[in-house]
Visitor: 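Handing you this structure, nothing more for now.
Note on naming: letters A, B, ... go to the chains in the order of the sequence lines (proteins, then strands), and numbering restarts at 1 for each one.
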Protein chains: 2
Amino acid sequence: MPIRAYIRAVARAATTTDAFNAVAEPRRRQILDVLAQSERSVTSLVDHLGLAQPQVSKHLRVLRAVGLVEVTEEGRQRLYRVNGRPLQEIHTWVSQYQSMWDERLDRVEALLNELDVSKGRERDG
Amino acid sequence: MPIRAYIRAVARAATTTDAFNAVAEPRRRQILDVLAQSERSVTSLVDHLGLAQPQVSKHLRVLRAVGLVEVTEEGRQRLYRVNGRPLQEIHTWVSQYQSMWDERLDRVEALLNELDVSKGRERDG
DNA sequence: GCCATGCATGCCCATAAGAGCATATATTCG
DNA sequence: CGAATATATGCTCTTATGGGCATGCATGGC
């Protein structure tokens with residue numbers, strides 16, 4: 001009996017796996033950008049984005065799954081707002097490569113060190 | 001005749017669409033992390049990562065497609081190296097949300113403004 | 001109670017994924 | 001030339017995606 005039977009074939013990771021996968025979809029980034037300005041109801045998002053309501057709800061579901069948005073029930077509306085924290089993982093990872101395109105980084109970093117503004121920074125390899 | 005016939009059904013965007021999609025896959029981030037330390041051949045990557053060679057080649061293909069790695073043919077080897085530039089788009093987008101988790105940002109920003117370091121005075125040197 | 005409004009779900013479709021495995025295409029060596 | 005090494009491709013299989021569209025389920029107004 002091949003163990004294969006138990007192995008769940010994994011295609012691409014689910015969009016709900018983490019922030020990386022969730023924000024790979026441009027519409028979801030767009031939704032976050034809109035919500036970043038102000039809390040909004042689904043309908044308000046629909047009007048603002050010109051997408052179909054079900055699509056918006058589905059995208060919001062994904063964003064909720066990874067913690068990028070939070071909801072408040074307000075009567076029959078649901079007010080969505082952004083929680084940027086899950087993006088920190090992305091930021092941390094990407095920042096490691098920042099020196100590859102931003103030459104000013106070195107100067108800024110030197111400055112930060114000098115002024116001791118960046119307390120918990122670890123530059124480990 | 002419905003125009004639908006021409007519409008290409010788009011499921012999830014291709015991994016080769018942009019950096020966002022390309023790095024959503026953890027193995028590809030891993031590959032970039034390894035290559036960030038030093039240029040490497042495919043076989044070297046395979047040994048280092050413990051992945052199957054075809055998989056590695058395929059991931060590299062995706063990374064190449066979005067410009068995140070570059071290749072040099074060296075005999076029968078191909079030496080891959082990272083090009084971080086395509087990550088800038090991600091960094092820019094994510095950074096907009098940075099204040100949502102990093103309180104120190106305000107201080108740093110104020111500092112930069114005050115010292116006028118972020119002006120890029122010597123950028124075109 | 002009844003209907004409208006606001007959202008969430010369900011279903012269908014076409015597509016592309018990533019892993020495993022086999023194989024094709026160089027290139028170097030004897 | 002033939003064998004071995006280094007990579008890239010091809011194929012199968014299973015699965016999740018995102019859009020379109022219909023519908024389910026609350027909540028609020030009258």
Side-chain angles (χ1 to χ4, degrees), chain A residues 2-18 20-31 35 39-66 69-80, chain B residues 2-18 20-31 35 39-66 69-80:
Chain A
I3 310 181
R4 294 289 288 288
Y6 290 115
I7 298 179
R8 209 222 280 226
V10 170
R12 206 164 162 183
T15 52
T16 52
T17 301
D18 53 27
F20 276 105
N21 282 280
V23 306
E25 163 67 34
R27 314 272 193 182
R28 283 194 285 267
R29 290 201 297 279
Q30 207 181 344
I31 288 178
L35 289 180
E39 196 173 58
R40 271 180 194 280
S41 68
V42 177
T43 301
S44 168
L45 274 172
V46 169
D47 295 342
H48 215 77
L49 298 170
L51 299 179
Q53 177 268 313
Q55 293 9 303
V56 173
S57 281
K58 287 172 187 170
H59 283 313
L60 286 170
R61 188 172 151 93
V62 173
L63 293 173
R64 231 187 309 141
V66 298
V69 298
E70 286 158 359
V71 211
T72 306
E73 312 209 351
E74 190 91 7
R76 50 186 163 181
Q77 302 195 139
R78 316 260 163 121
L79 296 180
Y80 282 85
Chain B
I3 310 178
R4 294 288 286 290
Y6 290 114
I7 298 180
R8 204 214 294 212
V10 170
R12 208 164 163 182
T15 54
T16 51
T17 302
D18 53 28
F20 276 104
N21 282 281
V23 306
E25 163 67 35
R27 315 271 193 183
R28 283 194 285 266
R29 290 201 297 279
Q30 208 182 343
I31 288 178
L35 289 181
E39 196 173 58
R40 272 178 193 282
S41 69
V42 177
T43 301
S44 168
L45 273 171
V46 169
D47 295 344
H48 215 75
L49 299 170
L51 299 178
Q53 177 267 314
Q55 289 18 295
V56 173
S57 281
K58 287 173 189 170
H59 282 313
L60 286 170
R61 188 172 152 93
V62 173
L63 293 173
R64 231 187 309 140
V66 297
V69 298
E70 285 158 0
V71 211
T72 307
E73 312 210 352
E74 190 91 8
R76 51 187 161 181
Q77 302 194 138
R78 315 264 162 119
L79 296 180
Y80 282 85

Visitor: Show the nearest heavy-atom pair for residues A/Val69 and A/Leu60, with the distance to one decimal.
Guide: CG2-O, 3.9 Å

Visitor: Looking only at heavy atoms, what is the nearest atom pair of A/Asn21 and A/Ala13, with distance?
Guide: OD1-O, 3.9 Å

Visitor: Any idea which of D/dT9, D/dG19, C/dC7 is nearest the B/Lys58 side chain?
Guide: D/dT9

Visitor: With hydrogens left out and only the distance checked, is there a donor-acceptor pair under 3.5 Å joining B/Gln53's side chain and the base of D/dA8?
Guide: yes

Visitor: When the distance from CZ of A/Arg27 to C1' of D/dG19 is rounded to whole Å, what number comes out?
Guide: 9 Å

Visitor: May I have the distance from A/Glu74 (atom CD) to C/dG6 (atom P), rounded to whole angstrom?
Guide: 14 Å

Visitor: A/Ser57 side chain N/O closer than 4.0 Å to the phosphate oxygens (OP1, OP2) of C/dC7?
Guide: no

Visitor: Distance check needed: D/dA16 C1' versus A/Asp18 CG, whole Å only.
Guide: 15 Å

Visitor: When the distance from CG of B/Asp47 to C1' of D/dT7 is rounded to whole Å, what number comes out?
Guide: 14 Å

Visitor: Measure from CD on B/Glu73 to C1' on D/dT5 and round the result to the nearest Å.
Guide: 16 Å

Visitor: Calculate the interatomic distance between A/Arg61 atom CZ and D/dA16 atom C1'; express it in whole Å.
Guide: 13 Å

Visitor: Which heavy atom of A/Arg29 sits nearest to which heavy atom of B/Asp18, and what is that distance?
Guide: NH2-OD2, 4.3 Å

Visitor: How many Å lie between CD on B/Gln55 and C1' on D/dT12, as a whole number?
Guide: 13 Å

Visitor: Can a side chain N or O of A/Arg78 be found less than 4.0 Å away from OP1 or OP2 on D/dA26?
Guide: no

Visitor: Strictly below 4.0 Å: does A/Tyr80 bring a side-chain N or O up to OP1 or OP2 of C/dG6?
Guide: no

Visitor: C/dA17 base to B/Glu25 side chain: any donor-acceptor pair below 3.5 Å?
Guide: no

Visitor: For B/Asn21 and D/dT17, give me the distance from atom CG to atom C1', rounded to whole Å.
Guide: 12 Å

Visitor: Between A/Ala11 and A/Val62, which is nearer to the 5' end of DNA chain D once each is assigned its nearest nucleotide?
Guide: A/Ala11

Visitor: By nearest atom, which of the nucleotides C/dG18, D/dG18, D/dT7 is closest to the A/His59 side chain?
Guide: D/dG18

Visitor: Of A/Arg12 and A/Val56, whose closest DNA chain C nucleotide lies nearer the 5' terminus?
Guide: A/Val56

Visitor: Please work out if A/Gln77 contacts a base, only the sugar-phosphate, or nothing of the nucleic acid, heavy-atom cut-off 4.0 Å.
Guide: sugar-phosphate

Visitor: Yes or no on side chain to side chain contact (heavy atoms under 4.5 Å, CB included) for B/Arg28 and B/Val23, after CA distance, side-chain angles and deciding distance?
Guide: CA-CA 6 Å; B/Arg28 283 194 285 266; B/Val23 306; 5.9 Å; no

Visitor: Nearest to the side chain of B/Thr43 - D/dT17, D/dA22, D/dT7?
Guide: D/dT7

Visitor: Ignoring hydrogens and angles, are the base of D/dT7 and the side chain of B/Arg76 linked by a donor-acceptor pair under 3.5 Å?
Guide: no

Visitor: With rounding to the nearest 0.5 angstrom, report the CG to CD distance, A/Leu45 to A/Gln53.
Guide: 11.0 Å

